[in-house]
Every structure is written in C-alpha cells, then in structure tokens.
Asker: 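One structure, pasted below without further comment.
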Amino acid sequence: MSGLYVVSGAGPVGWTVAEQLAEQGGRVRVLTRSGSGPDHPQIEKLKADVSSPGMLGNAFEGAAAVFHCIHGSSYSAAAWQRELPAAEQAVLAAAGEAGAVVVFPESLYSYSNPREVMTEASPREAAAGKRGIRTALLRARAASPTNTVSVVAGDFFGPRVRMAHAGERMVPAILARRPLQVVGNADQPHSFTYVPDLAAAMIRAAAKPGLWNRVLHAPTNAPLTQRQIAQAFAGAAGVPAPTVRAVPGWAVRALGRFSPDMRELGEMLYQFQRTFVMDSQASEELLGLHPTPLHAAARETVEWWRAELAAARGTGRVPAGTPAEAPAGTATGTSRKP
C-alpha cells in the first residue's frame with residue numbers, strides 16, 4: 001500500500017492502524033501531543049495538537065487519507081463536548097485542503113434503538129450525554145465537504161487495549177487466576193470488536209472511494225456474554241475459567257454519587273444490562289473482510305498481556321488495574337473508545 005497516510009492519536013486504534021499501514025508498505029505520519037507511536041522504519045512520529053488548525057497544514061500535505069483516532073482526555077460528556085467537536089472540525093478542514101479522506105473509528109453510542117440488533121441501516125439519533133455527542137459528531141461529518149468514513153465497532157479487546165471492559169479489568173485478573181467482577185449482567189449477549197479487525201476495516205475503507213461518506217461496521221464476531229469472553233481468554237491462556245460475579249446496576253449508580261467515573265459508567269449501563277448487539281455482515285461484504293476467529297483473537301490478546309505484565313514486573317511498574325493494584329478483577333475501568 002503505497003502513499004502517505006496520517007494517523008492522529010496513538011491509542012490502541014491509532015497504533016494498530018499505523019502498524020498495519022506500515023506493514024503494507026505505506027509511509028505513515030503519526031501525530032500525538034507526546035510524539036509517541038510505533039517504532040517502524042515506515043513511520044514518522046511528530047508532536048502535534050490536532051485541535052490546533054495551524055499545526056495541521058504541513059502535517060497533512062500529500063496524505064491520501066487521515067485516520068483520526070483520538071479520544072477525550074476523560075470518559076465524560078463534558079470532556080468530549082469540550083474537546084472532540086473542535087478537533088474534528090480542524091482535522092476535516094485541513095484534510096479537505098489536502099484532498100484526503102478522513103476515516104474515523106466510531107462507537108455504537110449514537111444508535112437510537114440499542115435493544116434491537118444494530119445494523120448499518122439502523123437509525124442513529126440518540127440524544128443527551130455521551131450518546132448525543134456521538135450523534136452530533138456523525139452529523140457534522142455528514143455535513144462537511146470533506147470526504148469521510150466512520151467505522152463502527154463494539155467494545156474493544158485485543159493487544160494494547162487497556163481501559164475497556166475486556167481489557168485491564170479482565171485479562172490480568174484471569175492470568176492471575178482471580179475471580180472477576182463485571183458490571184450489569186454477566187450473561188447478556190454483547191458485541192466485542194477485535195481492534196486489529198477495526199483497523200483493517202478502516203484501512204480498506206480508505207482505499208475504496210465508493211464506500212466514502214457513509215457509516216460502516218467493523219467485522220465483528222457473534223456476540224458474547226461477559227462470562228463467555230472471559231472464558232475465551234482463560235482458554236487461550238490455558239488457565240481455569242474464572243468465577244464471574246456481576247455488580248448490579250443499582251450498586252454502580254449508588255457508587256456514582258461519590259465517584260465521577262462510576263457516574264459516567266452508570267450512564268452507559270444499558271449496554272450491559274440487556275442484549276447489546278451489532279451486525280457487520282453488510283459491511284464485511286462491501287469491504288471483503290471477515291472478523292478474526294475468536295480463538296485466534298483471544299490468543300493474541302493474552303499473549304500481548306503476558307508480555308506486557310512480564311515487562312512491567314521487570315521494571316517494577318504495575319499496569320493500572322492489575323490485581324496487584326486493584327481488588328481482584330474489579331470492573332471499574334471504562335472503555336476509552338470514541
């Protein structure tokens with residue numbers, strides 16, 4: 001894949017997109033405030049604040065596509081409203097000047113009827129809070145003269161995915177053979193997307209102008225309960241399936257009186273108290289992609305966490321949310337996906 005590509009953000013999505021592009025032969029420019037990103041001869045890392053329009057012109061010059069993968073500084077509607085719309089408008093304007101399509105990772109938050117299976121044709125008119133902000137962002141992209149693609153994913157899991165329900169609050173505890181506590185209901189079907197599959201879909205969509213200016217779904221396996229994905233990780237790790245207990249919604253809401261993080265999590269509890277399922281079949285056919293089989297995705301996730309935890313022990317640094325820092329398997333972390 002020749003050409004220059006710009007990636008804003010080096011979280012799990014941006015990092016994975018940059019790596020995949022580089023491995024396919026693309027030249028990649030990663031923009032972050034810290035100058036972080038993957039080490040690869042095809043990747044250039046620059047310090048830049050993408051919410052500042054004056055910093056983007058030169059960075060975007062010559063780019064075929066921009067992959068805008070930043071998230072808010074905190075998991076709150078206030079932070080999202082303060083930070084995300086302005087950053088997206090700056091990126092859209094600069095990409096438009098450069099003639100580049102902008103590809104966004106997107107969440108399921110904007111879907112109007114989350115009790116139904118969510119497809120690419122489902123209405124996306126959710127209002128208020130974090131859900132309403134995602135709806136407004138999608139509308140602004142549709143109104144922009146710059147070409148865009150939004151690729152929707154379920155809750156993340158995979159290498160480098162930390163602050164997620166199937167991330168640091170689950171996998172390290174499973175590896176330590178400790179019980180888990182999850183939020184809502186441990187046995188409700190829920191869609192989890194493997195981040196490398198999301199990255200592959202974003203890259204493929206950027207290369208297909210016929211798919212621009214629409215919303216696609218990242219290839220996502222059949223829904224799993226929180227108990228089932230924990231069992232998949234345990235099977236991949238070769239350890240016993242953990243005991244899984246659920247923290248009921250009323251308890252999360254009660255804790256929200258004292259904890260802003262729990263209050264923000266409580267707003268999204270509907271996703272884990274009842275069925276919360278997306279369907280990606282139509283987009284898979286359009287993109288020519290399919291989700292990584294669960295056993296392989298779970299294996300890669302566990303291998304990454306094992307390496308990460310081993311490195312942390314070697315440096316004396318304990319990753320946030322591991323059993324050495326938090327009560328065993330306490331599920332207070334929230335997804336930092338957009």
Side-chain angles (χ1 to χ4, degrees), residues 1-32 35-46 48 50 56 58-71 91 94-95 98-106 146-153 156-161 193-221 280 282-294 296-297 299-301 303-304 307 337-338:
M1 193 169 187
S2 60
L4 173 66
Y5 303 91
V6 175
V7 179
S8 62
V13 179
W15 190 293
T16 307
V17 167
E19 281 190 330
Q20 289 189 12
L21 284 166
E23 288 166 1
Q24 294 172 26
R27 293 185 296 117
V28 186
R29 184 173 292 151
V30 176
L31 310 181
T32 65
S36 61
D39 292 322
H40 192 285
Q42 292 287 104
I43 295 177
E44 174 189 12
K45 293 177 282 189
L46 297 179
V50 296
L56 299 182
N58 290 337
F60 285 12
E61 186 176 358
V66 175
F67 298 86
H68 186 56
C69 304
I70 71 167
H71 51 69
V91 166
V101 62
V102 184
V103 186
F104 298 88
E106 188 50 65
T146 300
N147 291 314
T148 70
V149 188
S150 298
V151 184
V152 173
F156 293 162
F157 76 101
R160 286 173 289 279
V161 176
T193 301
Y194 185 51
V195 162
D197 291 338
L198 169 60
M202 292 172 65
I203 293 168
R204 184 66 60 84
K208 288 180 170 285
L211 299 182
W212 295 355
N213 302 310
R214 63 196 300 174
V215 175
L216 301 172
H217 281 189
T220 298
N221 279 306
S280 60
S283 290
E284 289 175 33
E285 292 176 359
L286 291 169
L287 294 165
L289 296 172
H290 299 287
T292 302
L294 177 61
R299 183 184 65 246
E300 292 293 328
T301 302
E303 288 178 357
W304 183 85
K337 70 180 184 186

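In this chain, residues are counted from 1 in sequence order.
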Asker: Provide the closest heavy-atom pair for Pro293 versus Asn221 in the form atom of the first, atom of the second, distance.
Answerer: C-ND2, 4.2 Å
Asker: Give me the ring orientation class for Phe67 and Tyr5: parallel if the planes are under 30° apart, tilted from 30 to 60°, perpendicular past 60°.
Answerer: tilted
Asker: Using side-chain heavy atoms (C-beta onward) and a distance below 4.5 Å, is Pro196 in contact with Glu300?
Answerer: no
Asker: Is there a side-chain contact between Leu211 and Val149, using heavy atoms and a 4.5 Å cut-off?
Answerer: no
Asker: Please assess Phe156 against Val13 for the test side-chain contact (heavy atoms from CB on, under 4.5 Å), listing each intermediate value before the final yes or no.
Answerer: CA-CA 9 Å; Phe156 293 162; Val13 179; 3.6 Å; yes
Asker: Identify the two heavy atoms, one from Ser8 and one from His68, that lie closest to each other, and give their separation to 0.1 Å.
Answerer: OG-ND1, 2.7 Å
Asker: Quick one: closest heavy-atom pair of Gly14 and Val7, and the distance?
Answerer: O-CG1, 3.5 Å
Asker: Determine the minimum heavy-atom distance between Gly62 and Leu4, stating which atoms define it.
Answerer: O-CB, 3.8 Å
Asker: Quick check for you: to the nearest 0.5 Å, what is the distance between Leu289 atom CG and Leu198 atom CG?
Answerer: 11.0 Å
Asker: Rounded to the nearest 0.5 Å, what's the gap from CD on Gln20 to CE on Met202? Could you check?
Answerer: 10.0 Å
Asker: Under the criterion side-chain contact (heavy atoms from CB on, under 4.5 Å), I'd like the reasoning laid out for Arg160 against Val195: C-alpha separation, chi angles, the key distance, then a yes or no.
Answerer: CA-CA 9 Å; Arg160 286 173 289 279; Val195 162; over 6 Å; no
Asker: If I compare all heavy atoms of Gly9 with all of Val30, which pair ends up nearest, and what's the gap?
Answerer: O-CG1, 4.3 Å
Asker: To the nearest 0.5 angstrom, please state how far the CZ atom of Arg204 sits from the CG atom of Leu287.
Answerer: 7.0 Å
Asker: Can a donor-acceptor pair be found, under 3.5 Å and without considering hydrogens, that links the side chain of Glu284 to the backbone of Pro219?
Answerer: no
Asker: In sequence, state the C-alpha distance, the side-chain angles, and the governing distance for Phe60 and Val91, and then conclude on side-chain contact (heavy atoms from CB on, under 4.5 Å).
Answerer: CA-CA 9 Å; Phe60 285 12; Val91 166; 4.1 Å; yes
Asker: Could you go step by step and tell me if Lys208 and Leu286 meet the side-chain contact (heavy atoms from CB on, under 4.5 Å) rule?
Answerer: CA-CA 10 Å; Lys208 288 180 170 285; Leu286 291 169; over 6 Å; no
Asker: Checking the side chain of Asn147 only, and the main-chain atoms of Asn213 only, is there a donor and an acceptor separated by less than 3.5 Å?
Answerer: no
Asker: Ignoring hydrogens, what is the shortest heavy-atom contact between Pro38 and Ala18? Give both atom names and the distance.
Answerer: CG-CB, 4.1 Å
Asker: Side chains of Val28 and Glu19: does their closest heavy-atom pair fall under 4.5 Å?
Answerer: no
Asker: Does any part of the side chain of Glu106, heavy atoms only, come nearer than 4.5 Å to the side chain of Val215, both counted from C-beta?
Answerer: no
Asker: Would you say CD of Glu61 has more than 12 non-hydrogen atoms from neighbouring residues, nucleotides or ligands within 6.0 angstrom?
Answerer: no
Asker: I want to check something: taking the side chain as every heavy atom from C-beta on, are Ser150 and Leu216 in contact at a cut-off of under 4.5 Å?
Answerer: no
Asker: Is the backbone of Thr220 close enough, under 3.5 Å, to the side chain of Ser280 for a donor and an acceptor to pair up by distance?
Answerer: yes
Asker: Going by the ring pair (Phe, Tyr, Trp, His ring centres under 6.0 Å) test, which pairs reach into residues 193-216, not counting sequence neighbours?
Answerer: Phe157-Tyr194
Asker: Would you say Arg29's side chain and Leu46's backbone share a donor-acceptor pair under 3.5 angstrom?
Answerer: no
